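To start, the structure itself, in structure tokens.
It should be emphasised that the depicted structure is a prediction, and the values quoted were computed from it without experimental measurement. If you read the sequence from its start, that first residue is 1, and numbering goes on from there.
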Amino acid sequence: AAFRVQWLTGNVSLEIPTTYADGSTLEILPTPMMGAVGVLERAEQRIGMGVGAGNFRLALVRPTGTEYVQQGLGASLYATTCGVEDGVPCAPDLDAEIAMQEWLPSLVERGLLAAAHDVTDGGMAVTLAEMATASGRGLMVVLSSAATEGLSRADAVAFGELPGWVVMAYAPEHEHEVLASCPGALAIYPVGEMTTAQDVVLHMDELGTTLTQPLDKLRAAYKGAGIL
């Protein structure tokens, strides 16, 4: 009801096993999910998480004034990778989510966005890796303390799963219009750019931590996870 849309279906997985390409299996923990279907009036205007040729800058959009329980690491993929199946995920800011879902399509309709990707499973590091993989090129991102307010750990910045966070790509000539149109429930921070290099670089400004991985290594890991 908060989103003012009709939900088509919902589901709770009951430890249904997933089988990977190598024959190994994984039991999925009970996970409530809901799905909705929308209609694109102009499908040719759709965008994905990857960009094409040209120069593109990156910005992080996030809710303002949100507190992050367990810094986004509770019940996250990062926690699971560390052997911890516990914790509390962050609750979304519904007003900010509505503002985001109304604003982003308007940018796409006006031809101002080239790509966008939400910061969900795996956190910021995985989001950037997926955007770079889909684009076939590297990127450089520098996250200031203002952009990551509420997070004090480097692993939370890199791998925290934070509802309402989106990384977007746009052409330099569109930057002013994109930044100026950001709704009041959201904050937007220019954080970097797509590059011609073949590395994904994430620098956490005041935390003094930098993650760098070659794109071919990330692509191999992505495919090896059975996602592609």
inquiry  = According to salt bridge (Lys or Arg N to Asp or Glu O under 4.0 Å), does anything in residues 147-165 pair up with another residue at least two apart or in another chain? List the pairs.
reply    =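 Sorted pair list: Arg153-Asp155.
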Qualifying salt bridge (Lys or Arg N to Asp or Glu O under 4.0 Å) pairs, either residue in residues 68-81, two or more places apart =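 Every candidate salt bridge (Lys or Arg N to Asp or Glu O under 4.0 Å) pair involving residues 68-81 fails, so no pair, neighbours aside, qualifies.
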ask   = Do any N or O atoms from the side chain of Glu97 and from the backbone of Gly164 form a donor-acceptor pair under 3.5 angstrom?
value =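 Answer holds: yes.
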request  = Check whether any side-chain N or O of Asp199 sits under 3.5 Å from a backbone N or O of Val201 as a donor-acceptor pair, and report yes or no.
outcome  =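 Here the side-chain-to-backbone pair does not exist.
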query = Which residues pass the side chain to side chain donor-acceptor pair (under 3.5 Å) test with Ser145, sequence neighbours left out?
reply =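 Only Glu206 meet the side chain to side chain donor-acceptor pair (under 3.5 Å) criterion with Ser145.
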query = Looking at residues at least two apart in the chain, or sitting in another chain, which of them share a side chain to side chain donor-acceptor pair (under 3.5 Å) with Ser152?
reply =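 Ser152 satisfies side chain to side chain donor-acceptor pair (under 3.5 Å) with Gln71 only.
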Please determine whether residues [X] and [Y] belong to a single hydrophobic cluster, defined as Ile, Leu, Val, Met, Phe, Trp and Tyr linked transitively by side-chain heavy-atom distances below 4.5 Å.
| X | Y | value |
| --- | --- | --- |
| Met140 | Met204 | no |
| Val126 | Val141 | no |
| Met100 | Met124 | no |
| Val167 | Leu151 | yes |
| Leu207 | Leu211 | yes |

Below 3.5 Å, can you tabulate the donor-acceptor pairs from side chains in residues 179-192 to any protein atom, sequence neighbours excluded?
{"residue": "Ser181", "atom": "OG", "partner": "Trp103", "partner atom": "NE1", "Å": "3.0"}
{"residue": "Ser181", "atom": "OG", "partner": "Glu177", "partner atom": "O", "Å": "3.1"}
{"residue": "Ser181", "atom": "OG", "partner": "Val178", "partner atom": "O", "Å": "3.0"}
{"residue": "Tyr189", "atom": "OH", "partner": "Ala146", "partner atom": "O", "Å": "3.4"}

Side chain to side chain contact (heavy atoms under 4.5 Å, CB included) partners of Asp93, counting only residues at least two apart =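 Checked Asp93 against side chain to side chain contact (heavy atoms under 4.5 Å, CB included); matches are Pro63, Thr66, Asp95, Ala96.
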Any residue meeting side chain to side chain contact (heavy atoms under 4.5 Å, CB included) with Glu67, in chain and number order, not counting sequence neighbours =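 Scan of Glu67 (side chain to side chain contact (heavy atoms under 4.5 Å, CB included), adjacent residues dropped) gives none.
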Sequence neighbours excluded, every pair satisfying ring-ring contact (aromatic ring centres under 6.0 Å, His included) that has a member inside residues 152-180 =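 Counting only pairs at least two positions apart or across chains, the ring-ring contact (aromatic ring centres under 6.0 Å, His included) contacts touching residues 152-180 are Tyr68-Trp165, Tyr78-Phe159.
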Interatomic spacing from [atom1] in [X] to [atom2] in [Y] - rounded to 0.5 Å:
| X | Y | atom1 | atom2 | answer |
| --- | --- | --- | --- | --- |
| Leu73 | Asp86 | CG | CG | 12.5 Å |
| Leu128 | Met194 | CG | CE | 9.0 Å |
| His203 | Ser144 | NE2 | OG | 10.5 Å |
| Thr196 | Leu139 | OG1 | CG | 12.0 Å |

Donor-acceptor contacts, no H, no angles, side chain residues 111-123, under 3.5 Å, sequence neighbours left out:
{"residue": "His117", "atom": "NE2", "partner": "Glu130", "partner atom": "OE1", "Å": "2.5"}

task = Tell me, please, which residues at least two apart from Glu102 pass salt bridge (charged side-chain N to carboxylate O under 4.0 Å, His left out).
result =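 Only Arg4 meet the salt bridge (charged side-chain N to carboxylate O under 4.0 Å, His left out) criterion with Glu102.
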Which side-chain N or O atoms in residues 45-60 pair as donor and acceptor under 3.5 Å with protein atoms at least two apart or in another chain?
{"residue": "Arg46", "atom": "NH1", "partner": "Ala43", "partner atom": "O", "Å": "2.8"}
{"residue": "Arg57", "atom": "NH1", "partner": "Glu175", "partner atom": "OE1", "Å": "2.9"}

query = Which pair of non-hydrogen atoms, one from Val200 and one from Ala132, has the smallest distance, and what is that distance?
reply =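 Between these two residues, the closest heavy atoms are CG2-CB, 3.4 Å.
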key: Least distance between heavy atoms, Gly72 atom then Leu162 atom   =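 Scanning both residues completely, I find the closest heavy atoms to be CA-CD2, 3.8 Å.
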ILVMFWY clustering at 4.5 Å (side-chain atoms), partners of Val69 =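 Under the 4.5 Å side-chain rule, Val69 groups with Val88.
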Stepwise side-chain contact (heavy atoms from CB on, under 4.5 Å) test for Met168 and Val61 = CA-CA 8 Å; Met168 59 171 62; Val61 183; 3.4 Å; yes
